[in-house]
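Okay, so here's the structure we're looking at.
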Number of protein chains: 2
Amino acid sequence: MIRLVIADDHPIVRAGLLALFSLEPGIEVVAEAGTPDEAVAAAERENPDVVLIDLQFGAQAASTGAEATRRIRALDAAPYVLVLTNYDSDADILGAIEAGASGYLLKDAPPHELTAAVRAAAAGESALAPVIASRLLDRMRAPQASLSSREIEVLDLVAAGRSNTEVAADLFVSETTVKSHLAHIFTKLGVASRTAAVSVARQRGILR
Amino acid sequence: MIRLVIADDHPIVRAGLLALFSLEPGIEVVAEAGTPDEAVAAAERENPDVVLIDLQFGAQAASTGAEATRRIRALDAAPYVLVLTNYDSDADILGAIEAGASGYLLKDAPPHELTAAVRAAAAGESALAPVIASRLLDRMRAPQASLSSREIEVLDLVAAGRSNTEVAADLFVSETTVKSHLAHIFTKLGVASRTAAVSVARQRGILR
DNA sequence: CGATCCATCCTCCGAAAGGACGACTCCACG
DNA sequence: CGTGGAGTCGTCCTTTCGGAGGATGGATCG
């Protein structure tokens, strides 16, 4: 019997997963969680085989799904973690994998894909949704111009529509510094203007 | 007995809704739909009291939730339509209301809010999630600078990172015209730069 | 210890963006 | 049949942005 913990902030989704797995022989949902912290607590308490956790939790949540994944994988008898997400464009894909997730699933996946993934995870295998897998490969192929945290910070303000002067004021640096960061960002992203940079950053999931 | 049709492209969400309502006395789910078209067909065939339909369907769907709402409300024995959505920032709120939805619910709403809304809808009352209601009021208060279709077209290209000259070339107009459109957009949105315009347009759901 | 990346700061200059006028069509609406 | 809005175009002018180039200190890592 595979002992499963499901974690999602939407009661509806939790009910759906519960209904799905209750029909599934050999899989038992031993706990539900509505927040990342609850998920970690449940994983520690119930000592399940697999944890199925959403990546996006509501804004009021303390931590993220990726963070919870990391903490769950750091437990003594660490269960396998399957990550669930709405969007295949999510920037946290890599983060989740690094955090120790053994699978990555889309919420619009057909049910049998879900159950198959749970079984695969319980067996210690990794299971990626095909879309995700190919996207990961893409990302591997493309040298993946990753922005520094400071650069992301700058780009985030730019995406909010702030001018260079405003960004400079916000970050307590000179405007030349902002321009310098932006210049790096442009070359890394292969674009020539701030709006284009924001556009591709959104596309790649660097911004949301 | 309230006869209910549920429509959502995520099998998980459908299962969740189904599970939720199956526990609910006096409510019976008579059909499920995975696409807007299926939802319309089911509404016509089953002649339900209420249709619960998602606004966002996957990219491969032919039409939108709002469109389906309109068509369902145009049926002879038109059932009431409750619209379900992930985000309270959705631009289609007004569209859905105009299309004849009698309620607007968030997916992270607690289950009892859902069932209450279905009962209210079946009784012919309208039910809006509190968040949505206040947001609607906000929108009423703010004169709602709506952009013309041409302006949206321009802004969309700008959001993709194209320059004024490129936008002009794309739309077969002069650059002056593009700048003119942008100037109007800026005043309408109360901003001073293209990136800021894109930002608030996204926020208001004018762009996605 | 160098190598490397990052963040910070310059200057100079051309190109792009935006503001402020005005003006011409077309079409819908009363 | 006007009136007005939307879309189109223009000019002149100022500000901002972005490119090119270089320089400094700090952190990290083999």
Side-chain angles (χ1 to χ4, degrees), chain A residues 91 94-95 98 139-140 142-204 206-207, chain B residues 91 94-95 98 142-204 206-207:
Chain A
L94 281 183
E98 281 168 9
R139 196 167 291 214
M140 293 304 175
Q144 178 57 0
S146 71
L147 303 185
S148 75
S149 62
R150 191 56 159 178
E151 286 164 349
I152 293 180
E153 209 171 342
V154 168
L155 190 53
D156 193 47
L157 289 169
V158 168
R162 325 241 341 141
S163 73
N164 287 350
T165 336
E166 288 173 330
V167 173
D170 289 350
L171 299 181
F172 303 107
V173 297
S174 91
E175 188 186 347
T176 32
T177 305
V178 174
K179 291 171 83 171
S180 168
H181 285 309
L182 277 175
H184 291 150
I185 293 170
F186 293 162
T187 50
K188 281 186 181 178
L189 297 184
V191 298
S193 78
R194 55 211 290 111
T195 28
V198 169
S199 168
V200 323
R202 265 190 224 281
Q203 214 171 306
R204 297 205 196 164
I206 301 172
L207 295 178
Chain B
L94 282 183
E98 280 167 11
Q144 179 55 0
S146 70
L147 304 185
S148 75
S149 61
R150 190 57 160 176
E151 285 165 347
I152 293 180
E153 209 170 343
V154 169
L155 191 52
D156 195 46
L157 289 169
V158 169
R162 322 229 3 132
S163 73
N164 287 349
T165 21
E166 288 173 330
V167 172
D170 289 350
L171 300 181
F172 302 106
V173 296
S174 87
E175 186 187 350
T176 327
T177 306
V178 174
K179 290 168 94 169
S180 166
H181 284 309
L182 276 175
H184 291 149
I185 292 171
F186 293 163
T187 53
K188 282 186 181 178
L189 298 183
V191 298
S193 78
R194 57 210 289 109
T195 28
V198 170
S199 167
V200 324
R202 264 186 223 281
Q203 214 170 309
R204 297 205 195 165
I206 300 171
L207 295 178

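Keep in mind that the numbers below use all heavy atoms, side chains included, and drop hydrogens, waters and symmetry copies. Lettering follows sequence order; numbering is per chain, from 1.
- Considering only side-chain N and O atoms, A:Thr177 lies under 4.0 angstrom from the phosphate OP1 or OP2 of C:dC9.
- Straight-line distance from the NE2 atom of A:His184 to the P atom of C:dC9: 14 Å, rounded to whole Å.
- Counting to the nearest Å, the P atom of C:dC10 and the CG atom of A:Asn164 are 14 Å from each other.
- Residue A:His181 contributes atom NE2, which lies 5 Å from atom P of C:dA7 at whole-angstrom precision.
- For the 3.5 Å distance criterion, the side chains of A:Ser180 and A:Thr177 fail to qualify, holding no donor opposite an acceptor.
- For the residue pair B:Glu151 and B:His184, the shortest heavy atom distance occurs at OE2-CB, 3.5 Å.
- Annotation: of the two residues near DNA chain D, A:Ala192 and B:Val173, the 5′-most nearest-nucleotide partner is B:Val173.
- At whole-Å resolution of the value, CD in A:Glu175 and P in C:dA7 are 18 Å apart.
- Comparing C:dA7, C:dC9, C:dA17 by their nearest atom to the side chain of A:Glu151 picks out C:dA7.
- Within 4.0 Å of A:Ser180, counting heavy atoms only, lies at least one base atom of the nucleic acid.
- Put simply, A:Arg150 has a side-chain N or O that comes within less than 4.0 Å of OP1 or OP2 on C:dT8.
- Put simply, A:Ser148 has a side-chain N or O that comes within less than 4.0 Å of OP1 or OP2 on C:dA7.
- Contact between A:Ala196 and A:Val191 at its shortest, heavy atoms only, is CB-CB, 3.8 Å.
- Here the C1' atom of nucleotide C:dA16 and the CZ atom of B:Phe186 are 12 Å apart, to the nearest Å.
- In this structure, the CG atom of B:Leu157 is 13 Å from the P atom of C:dA17, given to the nearest Å.
- To the nearest 0.5 Å, atoms CG (B:Leu182) and CG (B:Leu189) are separated by 10.0 Å.
- Atom-to-atom, CG of B:Leu182 to P of C:dA20 comes out at 15 Å; the value is rounded to the nearest Å.
- When atom types are taken as modelled, the side chain of B:Gln203 and the backbone of B:Val200 share no donor-acceptor pair closer than 3.5 angstrom.
- Closest non-hydrogen pair, A:Ser193 versus B:Gly161, comes out as OG-O, 3.8 Å.
- Here CD of B:Glu166 is found 10.5 Å from CD of B:Glu175. Values are rounded to the nearest 0.5 Å.
- Note that the first and last nucleotides of DNA chain D, 5' to 3', having any atom under 4.0 angstrom from a heavy atom of chain B are D:dG7 to D:dT11.
- In this entry the distance linking CZ of A:Phe172 with P of C:dT8 reads 12 Å, nearest Å.
- Across C:dG18, C:dC10, C:dA16, the shortest atom-to-atom separation from the side chain of B:Arg194 is found for C:dG18.
- Regarding contacts with the backbone of C:dC10, a side-chain N or O of A:Thr176 is found under 4.0 angstrom from either OP1 or OP2.
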